[in-house]
Amino acid sequence: MSSEQNRHLVIVMPAYNEADRIISTINNIRQHSDTDIIVVNDGSTDETAKQAMDAGAKVIDLPFNLGYGAALQTGFKYALKQGYRYAVQMDADGQHDPSAIQALVEPILKGEADITLGSRFLGEGDYKAPFARRAGMILFSIILRVITGKKVTDPTSGFQAMNRKVIEFYTSDAYPVDYPDADVIIMLHMQGFSFKEIPVIMKRLPGKVSMHSGLKPFYYTFKMFLSIFVTLLRGKGEEKA
Amino acid sequence: MTLHQKVFALLLGIGILALILEMVRRRRLGEEYSFLWLLIGAGIIVLVLWQGLLERVTRLIGAVAPTTTIFIFGIVILVLINLHFSVKISKLSKQVKDLTQQIALLRTDKNED
């Protein structure tokens with residue numbers, strides 16, 4: 001990636017209590033890209049903010065925990081304000097392999113898509129999701145297929161690259177600020193944005209408690225159905241309200 | 001309704017009205033939020049003084065006893081008030097989220113200067 005392109009690109013990374021991993025995550029990204037990195041510290045109670053800053057990232061400190069989606073959106077609001085043209089969204093825990101950043105950004109720069117989604121199930125990679133999670137993914141893949149007419153193999157992917165139009169959309173009230181997910185892909189589709197899946201490698205992290213643990217998957221599945229349903233009810237023009 | 005019941009219901013209605021007004025007076029409850037509760041107090045008094053209304057409504061909805069009517073409408077009103085609060089909470093949550101993001105962004109700007 002040329003440095004000219006890098007000036008316009010920003011990596012947005014929400015982080016909640018990731019002090020153990022954030023430095024290595026940032027260092028790994030640095031081996032592949034010298035673009036600006038924004039860490040949105042979502043009210044961590046550990047040293048996440050300090051470590052991210054020491055590792056050379058720009059840190060936005062939320063005064064208390066707002067949750068994944070809202071933290072992410074804070075980063076997009078910052079990107080929009082600072083005039084970045086492209087953004088990459090990735091997780092702070094090192095699950096996303098930064099060597100894929102280039103492949104995600106490329107179609108955006110070429111104008112082939114408004115947003116690219118990193119998929120762990122396309123092509124290479126040996127990611128094995130737990131059964132229940134996998135079943136959910138397959139279910140939502142089918143729903144997405146029916147609604148958007150496109151194949152989406154990994155609707156829960158938090159590894160994405162997007163252009164400014166999508167950044168703008170992500171900062172609007174339409175963006176679900178708890179668990180942005182399959183419903184977002186449908187919103188993007190209904191807003192007329194084009195998306196494309198790119199194969200990426202994701203690692204399952206030992207000892208890491210997923211965002212979706214305990215009883216949350218039930219609530220999450222319900223919420224996703226509701227969100228998709230009302231998105232369809234709203235139809236095209238209403239999202240920007 | 002016996003006189004005994006009437007006196008009790010009347011006192012209940014007046015008590016609710018007085019309680020709400022007192023809370024508004026002490027600014028423990030905003031005028032905006034007192035409206036629905038005042039309506040309940042007033043509703044009880046109206047039903048005591050105007051029994052024909054309750055009987056008419058009971059016939060209208062096909063209930064047998066007037067008590068059923070009172071219970072149904074009582075529950076419906078409580079549900080609606082709770083719904084009203086859920087709407088308010090949703091709005092407040094969104095506002096808190098927006099403010100929190102705004103503060104974080106402003107603080108980041110300030111550190112940059």
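All figures in this text were calculated on a predicted structure; none of them were measured in a lab. Just the heavy atoms: all of them, side chains too, but no hydrogens, waters or symmetry mates, feed the values below. Labels below follow one simple rule: chain letters A, B, ... track the order of the sequence lines, proteins then strands, and each chain is numbered from 1.
- Of the atoms belonging to Leu66(A), it is side-chain heavy atoms, and not backbone ones, that fall under 4.5 Å from chain B.
- At a 4.5 Å heavy-atom cutoff, Val40(A) makes no contact with chain B through either its backbone or its side chain.
- Of the inter-residue distances, the one linking Ile108(A) atom CD1 with Asp114(A) atom CG reads 7.0 Å to the nearest 0.5 angstrom.
- Side-chain contact of Tyr68(A) with Asp91(A): a donor-acceptor pair under 3.5 Å is present, judged by distance alone.
- Taking 4.0 Å as the cut-off between side-chain N and carboxylate O, Lys223(A) and Asp183(A) count as a salt-bridged pair.
- Using a 4.5 Å cut-off between heavy atoms, Gln82(A) contacts chain B through its side chain alone, with no backbone atom that close.
- Looking at Asn41(A) and Tyr16(A), their side chains never come closer than 4.5 Å, going by heavy atoms from C-beta outward.
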